[in-house]
**Student:** 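Let me begin by handing over the structure; questions about it come next.
Order of the sequence lines fixes the chain letters, A, B, ..., with proteins taken first and strands second; residue numbering starts at 1 for each chain.
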Amino acid sequence: MSDQRVPSDVSSPSISADENEAKIPSKQSFFHKDLEVKWQVYWKEHNVNTVDIQGATKPFYNLMMFPYPSAEGLHVGNMYAFTGSDIYGRFMRMQGYDVFEPIGLDGFGIHSENYALKVGRHPKEHAAISEKHFYEQLHSIGACFDWTRTVETYHPDYYRWTQWVFVQMFKHGLAYRSTAAVNWCNSCKTVLSDEQVLQEEHGIPHAVCERCGNKVEKKSLEQWFFKITAYAGKLLDNIPKLQWSEKVKGAQEKWIGRSEGMTIRFGNLEVFTTRPDTLNAVTFLATSELYEEGSTEKKGEFSGEYAINPLDGRKIPIWKTNYVAPGYGTGIIMGVPAHDERDMEFATKYHIDIIKKDPDPTLWEKIAREGWGKRVTKYHLRDWTISRQRYWGAPIPMIYCETCAKSGSGEQSSMPGWFTVPEKDLPVVLPDIDDYKPRDDGVGPLAKHKEFYETVCPHCGALAKRETDVCDTFLDSSWYYLRYPSVGGSMADQLPFDPELTKKWLPVAMYTGGAEHSVLHLMYSRFVTMALHDFGLLPFEEPFLTFFAHGLVIKDGAKMSKSKGNVVNPDIYIDKYGADALRMYLMFMGPFADGGDFRDTGMEGMYRFIGRIWRLVVSSANIYPEDTDEKTHRQLQMAIARATDDLPKRRYNTAIAGFMEFVNVALTSKKPLSTSDAKDFVTLIAPFAPHIAEELWTKLTTGGETIPEGYVSVHHQHWPMYDKSLLIDSSIQFVIQVNGKMRETISIPKNDGDNQQVIEELARNNEKVKKFLITGPKKIIFIAGKLINFVV
RNA sequence: GCUGAGGUGGCGGAAUGGUAUACGCGCAAGUCUCAAAAACUUGUGGAGAUAAUACUCCGUGAGGGUUCGAGUCCCUCUCUCAGCACCA
């Protein structure tokens with residue numbers, strides 16, 4: 001490829017097939033694998049993607065949700081997400097920002113453990129294998145990750161600080177123990193949080209485990225909880241300040257679920273209602289004694305007792321029902337058939353009175369004044385169950401001392417006997433054990449290991465017992481973004497996050513991830529950040545200023561699933577077509593926010609396009625740098641303008657379409673690209689196709705086969721500027737409409753675009769238009785530079 | 001049921017209220033070749049009509065409306081996808 005000649009006609013292949021085949025071991029005129037290996041090694045060795053974490057002047061923290069290794073490797077959906085995030089980071093870097101784009105693995109927790117159990121490996125062994133494979137894959141897509149600062153949640157130097165977070169929560173009264181009816185998955189043999197229980201099947205509520213799909217039962221167990229409900233109001237009130245999509249914000253609002261209402265006493269029973277204004281139409285009270293989850297039919301029985309309506313002294317029958325949810329409000333409601341469909345359905349079925357009276361808004365005030373009830377704010381949000389009766393997680397760093405419990409002493413007065421593990425003793429290391437499989441007796445595997453749980457009380461020195469449950473994975477991932485900037489720093493061993501670096505880099509400027517985490521990870525992270533802020537440990541309340549939810553990749557119109565056998569393994573495509581082609585194709589499928597449909601034929605098309613880019617630029621390298629083609633140059637300006645506009649909005653698909661239009665025009669031109677145009681174009685595609693862009697950049701800037709000392713990567717170039725004046729052609733296609741219908745376009749000089757007289761004259765005399773203007777126009781609409789519309 | 005996003009060629013998808021279907025895939029014909037593949041070139045919404053790539057009409061889920069002009073704005077309906085659901 002070193003002795004390039006000027007092709008007499010660029011539109012025909014510039015390299016003959018024979019020459020091509022003799023030199024290149026692939027059907028493409030370059031070998032993508034060689035390029036990828038070459039540049040990935042170069043970038044790593046020359047720290048091209050490592051940011052100066054201390055000295056950066058324009059920090060930009062670009063983060064993609066880290067993956068959890070719950071399978072053999074990453075699937076194409078992960079690649080999609082990482083590529084979309086990476087293009088944004090690269091674009092911001094080319095805008096002059098110091099972009100920090102870290103990566104890690106959320107390898108602790110049920111997801112990974114279940115997979116390890118399934119394939120019959122010890123979770124720890126599986127973690128080592130998956131770490132290697134996942135990181136290889138993450139390298140292979142050529143993202144600009146800073147590989148000097150990774151986080152793996154299962155390494156003691158990370159989970160030490162996860163435990164530290166737990167300790168802070170306890171010290172500030174936000175962690176407590178409670179016996180509660182919790183969600184229990186009998187297949188995973190553990191407790192699940194409300195957020196990890198899915199409601200499945202059309203219309204029929206059916207509680208199933210998020211991970212294994214097994215039916216979830218209610219079980220009474222003593223658990224550790226985080227008091228996230230203490231932050232319900234703040235979590236809700238901050239939502240309008242977030243630059244997140246309405247969809248995700250709406251999901252959180254709904255999940256927190258604030259309702260303003262009143263509790264009203266009917267004798268010794270108390271109800272909760274959001275409609276105290278309908279107190280005048282109450283005809284029965286309904287309790288939750290017969291509650292059945294998932295029942296579609298309303299059932300109940302009369303208790304034989306009555307209550308008195310404080311408003312009018314009427315006797316109100318009390319019914320036991322199956323449709324009132326316990327655990328929300330007071331578990332008792334006032335039945336108002338006239339104003340509530342469900343109450344109406346129930347009242348009709350059991351022939352209960354129906355009083356039709358208009359709601360009376362003054363009742364809010366009256367009820368409070370008379371002392372019948374009081375205003376309350378309720379939230380749907382429940383406290384976060386942290387305990388997991390499993391092996392593969394961070395041990396909860398708590399110690400229970402029987403001696404102290406008896407004497408009533410404890411770190412928190414409300415919880416005698418309980419003490420946090422002293423910070424100097426962290427981490428509580430997860431021991432290597434063989435009987436790591438989950439048990440069905442409500443305790444975790446660690447509860448069978450004396451050598452683990454036997455310890456001494458930090459308070460009185462007596463023999464004490466460690467907590468043997470481990471933390472929910474979502475605790476691991478609720479603070480990881482705080483850790484990245486500090487990894488490998490001088491304070492990494494002393495603090496979870498360096499205050500100076502935290503101030504410099506956080507909150508995260510751009511967070512990208514799946515919308516499925518709307519109420520899970522994103523809510524927990526906000527809560528933990530808020531709590532740490534209130535403990536005086538963070539200068540901000542919200543962890544992610546901007547969150548962008550990417551779409552889902554489907555395959556040939558159907559959701560990818562193992563049972564259908566249509567899961568796309570990205571490795572095969574990277575091997576066959578190259579990382580650049582895969583990146584470009586994934587981004588071309590549709591808007592990044594919407595996801596796309598993966599098709600092999602589309603992949604082929606992108607592979608061809610990469611080849612066209614190569615031919616175009618290589619045939620132009622270092623020849624006639626002054627030579628250019630007006631039309632091509634103009635098309636390039638349009639492509640730059642479009643991409644500059646599309647990238648911040650993540651409309652990568654249309655940006656790529658612009659590149660294609662440019663290449664199409666450039667390849668039909670008789671002249672090669674000028675060197676400066678070629679450089680602009682290569683810079684433009686660099687965020688999308690980093691390897692080939694770098695290779696082409698060396699050809700354009702050094703001309704040689706070796707990379708010279710002091711070489712500046714294409715990825716450190718500034719995003720190209722464009723000439724606005726060239727976006728408009730010297731002539732414009734002016735549209736002539738009759739009654740709003742397009743009848744003709746005429747080409748006129750740009751300068752005449754706003755001259756109505758000239759255009760009207762041309763239009764009236766146009767043969768095609770004339771015949772529609774037999775009756776003179778009643779009205780003429782003229783839009784300068786665009787169109788003229790005759791209304792007849 | 002509630003909330004949110006949608007419905008555009010054979011397919012994925014483009015269109016600040018102003019030329020609907022950019023770009024890509026697929027398909028067809030052609031160039032090259034002994035041949036094939038690859039690559040390249042041209043064509044490609046539907047119906048009608050024609051010697052003609054002249055021309056006419058219809059077309060963005062359905063029906064109304066606003067407007068000189070609607071895929072885009074408003075109303076009614078319908079279907080799809082995602083999330084949430086006896087939360088009183």
**Student:** Decide, for B:rG9, between syn and anti: a glycosidic angle within 90° of 0 counts as syn, anything else as anti.
**Tutor:** syn

**Student:** Examine B:rC40: is either OP1 or OP2 under 4.0 Å from a nitrogen or oxygen in the side chain of A:Arg615? Give yes or no.
**Tutor:** yes

**Student:** Restricting to side chain to side chain donor-acceptor pair (under 3.5 Å), what partner residues turn up for A:Thr377, sequence neighbours left out?
**Tutor:** A:Glu260

**Student:** Can you see if the side chain of A:Lys741 gets near the phosphate of B:rA20 - specifically, an N or O under 4.0 Å from OP1 or OP2?
**Tutor:** no

**Student:** Calculate the interatomic distance between A:Lys254 atom NZ and B:rC2 atom P; express it in whole Å.
**Tutor:** 10 Å

**Student:** Given atom CD of A:Glu604 and atom C1' of B:rA38, what is their separation to the nearest angstrom?
**Tutor:** 11 Å

**Student:** From the set B:rC84, B:rG18, B:rC23, return the single nucleotide nearest to any side-chain atom of A:Gln737.
**Tutor:** B:rG18

**Student:** Give a yes or no on whether a donor-acceptor pair under 3.5 Å exists between the nucleobase atoms of B:rC86, that is its base, and the side chain of A:Lys298.
**Tutor:** yes

**Student:** Measuring only the P atom in each nucleotide, how far is B:rA85 from B:rG71? A whole number of Å is fine.
**Tutor:** 39 Å

**Student:** Between A:Asn653 and B:rA14, does any side-chain N or O lie under 4.0 Å from OP1 or OP2?
**Tutor:** yes

**Student:** Between A:Gly595 and A:Ile781, name the one whose nearest nucleotide on RNA chain B is closer to the 5' end.
**Tutor:** A:Gly595

**Student:** Assess whether a salt bridge exists between A:Asp343 and A:Lys298, defined as any Lys/Arg side-chain N lying under 4.0 Å from an Asp/Glu carboxylate O.
**Tutor:** no

**Student:** Looking only at atom C1', what distance separates B:rG17 and B:rC74, rounded to whole Å?
**Tutor:** 13 Å

**Student:** Under 4.0 Å: is that the gap between some side-chain N or O of A:Lys779 and OP1 or OP2 of B:rC68?
**Tutor:** yes

**Student:** Which residue pairs pass the side-chain hydrogen bond (donor to acceptor under 3.5 Å, both in side chains) test when at least one of the two sits in residues 324-340 of chain A, sequence neighbours left out?
**Tutor:** A:Ser259-A:Tyr328, A:Asp340-A:Arg342

**Student:** Considering the options A:Arg612, A:Arg634, A:Arg642, which one meets the salt bridge (charged side-chain N to carboxylate O under 4.0 Å, His left out) requirement together with A:Glu661?
**Tutor:** A:Arg642

**Student:** Would you tabulate the pairs of protein nitrogen or oxygen atoms and nucleotide nitrogen or oxygen atoms of nucleotides 6-11 of chain B closer than 3.5 angstrom?
**Tutor:**
| residue | atom | partner | partner atom | Å |
| --- | --- | --- | --- | --- |
| B:rC11 | O2' | A:Arg599 | NH1 | 3.4 |
| B:rC11 | O2' | A:Arg599 | NH2 | 3.4 |

**Student:** For a quick test of reading the model: is some side-chain N or O of A:Ser259 closer than 4.0 Å to OP1 or OP2 of B:rA88?
**Tutor:** yes

**Student:** Report the distance from atom NZ of A:Lys249 to atom P of B:rC84, rounded to the nearest whole Å.
**Tutor:** 20 Å

**Student:** Test your reading of the model: is there a side-chain donor-acceptor pair from A:Lys249 to the backbone of A:Leu242, 3.5 Å cut-off?
**Tutor:** yes

**Student:** From B:rG18, B:rA14, B:rA88, pick the nucleotide closest to the side chain of A:Ile783?
**Tutor:** B:rG18

**Student:** Can you tell me how far P of B:rA22 sits from CZ of A:Phe588, to the nearest Å?
**Tutor:** 11 Å

**Student:** Whole Å only: how far is the CD1 atom of A:Ile656 from the C1' atom of B:rA22?
**Tutor:** 14 Å

**Student:** Is it true that A:Arg275 and A:Asp277 make a salt bridge, defined as a side-chain N closer than 4.0 Å to a carboxylate O?
**Tutor:** yes

**Student:** Between B:rA20 atom C1' and A:Gln733 atom CD, what is the distance in whole Å?
**Tutor:** 17 Å

**Student:** Between B:rG12, B:rG83, B:rC25, which nucleotide has the shortest distance from any of its atoms to the side chain of A:Arg608?
**Tutor:** B:rC25

**Student:** Could you measure between the two P atoms, the one in B:rA82 and the one in B:rA70, and give it in whole Å?
**Tutor:** 35 Å

**Student:** Calculate, to the nearest 0.5 Å, the distance between atoms CE and CG belonging to A:Met523 and A:Leu381 respectively.
**Tutor:** 5.5 Å

**Student:** Name the closest nucleotide to the A:Asn789 side chain, picking from B:rG69, B:rA15, B:rA88.
**Tutor:** B:rG69

**Student:** For a quick test of reading the model: is some side-chain N or O of A:Arg612 closer than 4.0 Å to OP1 or OP2 of B:rC23?
**Tutor:** no

**Student:** If I pick the P atom on B:rG1 and the same atom on B:rG18, what distance separates them, to the nearest angstrom?
**Tutor:** 36 Å

**Student:** Might you work through the side-chain contact (heavy atoms from CB on, under 4.5 Å) test for A:Asn309 and A:Leu279, ending with a clear yes or no?
**Tutor:** CA-CA 8 Å; A:Asn309 185 340; A:Leu279 183 62; 3.7 Å; yes

**Student:** When you compare B:rG43 with B:rA37, how far apart are their P atoms, in angstrom units rounded to a whole number?
**Tutor:** 22 Å

**Student:** Under 3.5 Å, is there a donor-acceptor pair between the side chain of A:Tyr652 and the main chain of A:Ile87?
**Tutor:** no

**Student:** Kindly point out which of B:rA22, B:rU56, B:rU19 is positioned nearest to the side chain of A:Arg743?
**Tutor:** B:rU56

**Student:** Mind calculating the distance between NZ (A:Lys247) and P (B:rC81) to the nearest angstrom?
**Tutor:** 14 Å

**Student:** What's the gap between B:rU8 and B:rA14 when it is taken at their P atoms, as a whole Å value?
**Tutor:** 12 Å

**Student:** Could you check which of B:rA85, B:rC40, B:rG18 has an atom nearest any side-chain atom of A:Leu787?
**Tutor:** B:rG18

**Student:** Please report the distance separating the C1' of B:rC11 from the corresponding atom of B:rG63, rounded so that it comes out in whole Å.
**Tutor:** 29 Å

**Student:** Identify all stems in which RNA chain B takes part, counting only runs of at least 3 consecutive pairs (Watson-Crick or G-U wobble, each distance under 3.5 Å), and give each as one range with another, ordered by first number.
**Tutor:** B:1-7 with B:78-84, B:10-12 with B:23-25, B:26-31 with B:39-44, B:45-48 with B:55-58, B:61-65 with B:73-77

**Student:** Which donor-acceptor pairs under 3.5 Å do the side chains of residues 653-660 of chain A make with protein atoms, sequence neighbours left out?
**Tutor:**
| residue | atom | partner | partner atom | Å |
| --- | --- | --- | --- | --- |
| A:Thr654 | OG1 | A:Asp646 | OD2 | 2.8 |
| A:Thr654 | OG1 | A:Arg651 | O | 3.0 |

**Student:** Judged by modelled atom types alone, do A:Tyr577 and A:Glu604 share a side-chain donor-acceptor pair under 3.5 Å?
**Tutor:** yes

**Student:** Select from A:Tyr585 and A:Val735 the residue whose nearest nucleotide in RNA chain B is closer to the 5' end of that strand.
**Tutor:** A:Tyr585

**Student:** Please report the distance, rounded to the nearest Å, between NZ in A:Lys786 and C1' in B:rA15.
**Tutor:** 12 Å

**Student:** B:rG1 base to A:Glu341 side chain: any donor-acceptor pair below 3.5 Å?
**Tutor:** no

**Student:** Output a table of donor-acceptor pairs, distance under 3.5 Å, between side-chain atoms of residues 785-792 of chain A and any protein atom two or more places apart or on a different chain; print 'none' if there are none.
**Tutor:**
| residue | atom | partner | partner atom | Å |
| --- | --- | --- | --- | --- |
| A:Asn789 | OD1 | A:Asn739 | N | 3.3 |
| A:Asn789 | OD1 | A:Gly740 | N | 2.9 |

**Student:** Taking the same atom, P, in B:rC75 and in B:rC23, what whole-Å distance lies between them?
**Tutor:** 35 Å

